[in-house]
Amino acid sequence: MRAKLDDYFSVVFEPELIEEILKVGTLKQIKAGELMIDVGDELTQVPLLISGAIKIIREDAKGDEIVLYYLERGDTCAISFINCVHHRKSIFRGIAEKDSEAVFVPIEKIEDWMVKYKSWRHFVVDSYHLRLLEMVEAIESLAFLQMDDRLFKYLTDKAKIMRSTTLNTTHQELADDLNTSRVVVSRLLKQLEREKKIKLHRNKIEVIDF
DNA sequence: ACATTAAGTGATT
DNA sequence: AATCACTTAATGT
């Protein structure tokens with residue numbers, strides 16, 4: 001666990017903080033497709049992502065969902081900090097997009113470290129800033145882009161996060177993530193294929209041009 | 001061979 | 001861009 005933590009976090013956290021994290025943190029493996037946090041869940045721990053990627057989704061009462069952003073190595077769910085401190089429930093759902101690892105830190109430490117460690121304060125604030133920027137991007141995409149552009153952006157973003165140009169996903173899953181219907185996705189994907197931007201297979205999409 | 005699931009398509013709103 | 005209704009293709013049993 002030390003090696004894994006050092007790997008990324010040693011550059012952001014001072015050694016004493018790393019020691020504290022090692023003392024109270026627990027390392028967890030999250031397999032692809034596994035639920036890390038669901039809407040309404042009580043937050044008792046804060047994740048520090050070591051590897052992999054977590055997809056953060058907002059879901060409404062009807063079950064309609066929309067993908068907001070991804071967490072990657074070195075990220076944390078900044079939103080969860082406030083939730084933790086005020087003992088609120090999660091308003092998001094986090095699903096592992098691929099096999100991931102994270103160190104979970106109990107919430108009691110969050111506030112302690114805020115006053116004790118400068119690097120922790122920076123980490124939290126930076127993380128908040130980053131999430132905000134990603135949210136703005138998500139809103140822009142929703143408000144200004146048409147479905148075809150949104151879809152292509154989603155595919156290229158996902159290809160970057162998965163570090164692979166072949167995505168194993170169905171049209172239905174894409175439709176769910178973008179909050180549209182499968183038929184629409186199928187049609188737009190066909191069009192993108194004709195434009196030679198992607199290549200379609202069953203349960204698989206190759207992103208060619210990005 | 002048959003059932004199931006994923007993907008493609010025309011027509012309509 | 002969404003929905004319906006239907007077809008076709010791929011895959012599992």
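Numbered from 1 within each chain, the chains take letters A, B, ... in sequence-line order.
Distance alone, capped at 3.5 Å, places no donor-acceptor pair between the A:Asn203 side chain and the A:Asn168 backbone.
Nucleic acid contact for A:Ser181: base, since at least one base atom lies under 4.0 Å from a heavy atom of the residue.
Set against C:dA1, C:dT3, B:dA7, the side chain of A:Arg187 has C:dT3 as its closest nucleotide. Among the nucleotides C:dT3, B:dG8, C:dA1, the one closest to any side-chain atom of A:His171 is B:dG8. Looking at the side chain of A:Thr180, the nearest of the listed nucleotides C:dA1, B:dT9, C:dA2 is C:dA2. You'll find that the side chain of A:Leu200 is closest to B:dG8, out of C:dA2, C:dA9, B:dG8. Distances were taken from every side-chain heavy atom of A:Lys190 (C-beta onward) to each of C:dA1, C:dT3, B:dG8; the shortest belongs to B:dG8.
Note: CG (A:Leu167) to P (B:dA6) measures 17 Å, nearest angstrom. Distance NZ (A:Lys204) to P (B:dT5): 22 Å, rounded to an integer number of Å. The separation between A:His201 atom NE2 and C:dT8 atom P is 23 Å, rounded to whole Å. For A:Arg150 and C:dA2, the CZ to C1' distance is 14 Å, given to the nearest whole Å. We find that CG of A:Asn179 is positioned 8 Å from P of C:dA2, with the value rounded to whole Å. Atom CD in A:Gln172 sits about 13 Å away from atom P in C:dA2, given to the nearest Å. C:dA1 atom P lies 13 Å from atom CG of A:Leu189, rounded to whole Å. We find that CG of A:Asp64 is positioned 13 Å from C1' of C:dA2, with the value rounded to whole Å.
Counting atom types as modelled, A:Arg202 pairs no side-chain N or O with a base atom of C:dT11 as donor and acceptor under 3.5 Å.
Inspection of the A:His201 and A:Glu206 side chains reveals an N or O donor paired with an N or O acceptor under 3.5 Å.
Taking the centre of each ring, A:Tyr117 and A:Phe13 stay at or above the 6.0 Å mark.
Surrounding CD of A:Glu111 are at most 12 heavy atoms belonging to other residues, nucleotides or ligands under 6.0 Å away.
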>> Would A:Ile205 and A:Leu200 count as a side-chain contact (heavy atoms from CB on, under 4.5 Å) here? Give the steps.
In response: CA-CA 5 Å; A:Ile205 296 168; A:Leu200 297 173; 4.0 Å; yes
